[in-house]
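Here the structure comes first, spelled out in structure tokens, and everything after it is commentary.
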Amino acid sequence: MNNVIICLFASAGFDRATQGVAGAGRRLADALGGQLHAIMLGAFTATDEAALAAIADHVSVATELADYQPETCLAALTQLCQPLAPRAVLLSNDTYSQELAPRLAFRLGGSAVADGVELISHSEHLQVKRAVYGGKAVATIALKRNPAVVWLRARAFEPAAPRDVTANVEPAALTLTTNSATRIVERKSESAGEARLEDAQIIVSGGRGLGGPEPFEDLKALAATINAQVAASRAACDAGWCPPTWQVGQTGKKVAPGLYLAVAISGASQHLAGMSDSKVVAAINTDADAPIFKHCRFGIVEDYKKVVPLLREKLAAARQ
Ligand SMILES: Cc1cc2nc3c(=O)[nH]c(=O)nc-3n(C[C@H](O)[C@H](O)[C@H](O)COP(=O)(O)OP(=O)(O)OC[C@H]3O[C@@H](n4cnc5c(N)ncnc54)[C@H](O)[C@@H]3O)c2cc1C
């Protein structure tokens, strides 16, 4: 069967990353001559449901999965995917999807790939491109066992245009299991009001060279003048200077803003892996040989303490 399934968590809403998954699913289903099934996990808004119904052939909603529990969700997705015998199951780049994708592939007897940036369907096996070696190379991976279960990099895929036909939105036919081996003991939410880093158009990111948590206040002030989001390297997050949700990189968030300003970040390959899709990279670093300078269009070799306040002043003046 050449069905394609997209699994979308309501927690992210129908944001740009999710729209990309829907677009990728639509194009893949069309290329394979199959149907696109959307499984919505949790309660979506009516607008989001309608937007998805204009892209997918079938939409089922599992509102009972709004409260994410990994085992329950995995069992539910297995139940919903199995009867459709899909060729591919696509997920977004959120942490729930990243956690579930390989386990779902195993349960469905398929194969999994993380962080896909391109799907190729014209050969016998579905192929997925993804960055490897911290973004230094691109691997094309043939998924020999169906279904291919892939979570996709945010913003790597274009959304799909709405079609003239609209799919029915139906409740998912589920028998939920509750005997779970794992239990969520605490949930912490990212502070409300902050846009998702993955959707940010401008990011000001700080690294270990800032020397402590206080300079992040200066970065926040700079970010506020240009409507930017603040992010960080793993070194800064691990030091506890900023929340772990700010981490960009191989084990953090994958971002693709129009402008990424790296302040006191050396540019380790693991950091580059998360931000190399940025359109323009600029850096401030005291070390002229810092690797980040090889990857940026604009670079200032200087102490950030001198540059950041000046930059903020000039940008604030320019915006007036
Ligand atoms: C498996 C694995 C996964 C990883 N995943 C990630 C990841 O997801 N994200 C990530 O970021 N890292 C990740 N890392 C860590 C990564 O290898 C680096 O250690 C980390 O990115 C370094 O952070 P940094 O650039 O802030 O610090 P450093 O490498 O210490 O760089 C600090 C920079 O600040 C500059 N500096 C110092 N003082 C000033 C000043 N006053 N003004 C201006 N510049 C100054 C220095 O010249 C230096 O270039 C991972 C590592 C491993 C092994």
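Heavy-atom basis, side chains included; hydrogens, waters and symmetry copies ignored. Owing to the predicted nature of the structure, the values given are computational and were not obtained by experimental measurement. Just so you know, ligand 1 is whichever comes first in the structure, and atom 1 is the first atom listed for that ligand.
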Tell me, please, which residues at least two apart from H295 pass ring-ring contact (aromatic ring centres under 6.0 Å, His included).
-> none
Partner residues of F9 under the ring-ring contact (aromatic ring centres under 6.0 Å, His included) criterion, sequence neighbours left out | Y68, Y96
Check against side-chain contact (heavy atoms from CB on, under 4.5 Å), Y260 and V248 | CA-CA 11 Å; Y260 189 89; V248 165; 3.8 Å; yes
Would you list the pairs meeting salt bridge (Lys or Arg N to Asp or Glu O under 4.0 Å) in which at least one residue belongs to residues 308-320, sequence neighbours left out?
->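 Qualifying pairs: none.
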Can you pull the residues with any heavy atom under 4.0 Å from ligand 1?
-> G207, R208, G209, S233, R234, A235, Q247, V248, G249, Q250, T251, G252, A264, I265, S266, A268, Q270, H271, N285, T286, D287, E302, D303, Y304
Rounded distance [0.5 Å steps], CG in L65 versus SG in C73 | 5.0 Å
For the residue pair Y304 and L210, what are the closest heavy atoms and their distance?
->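 Result for this residue pair: OH-O, 2.9 Å.
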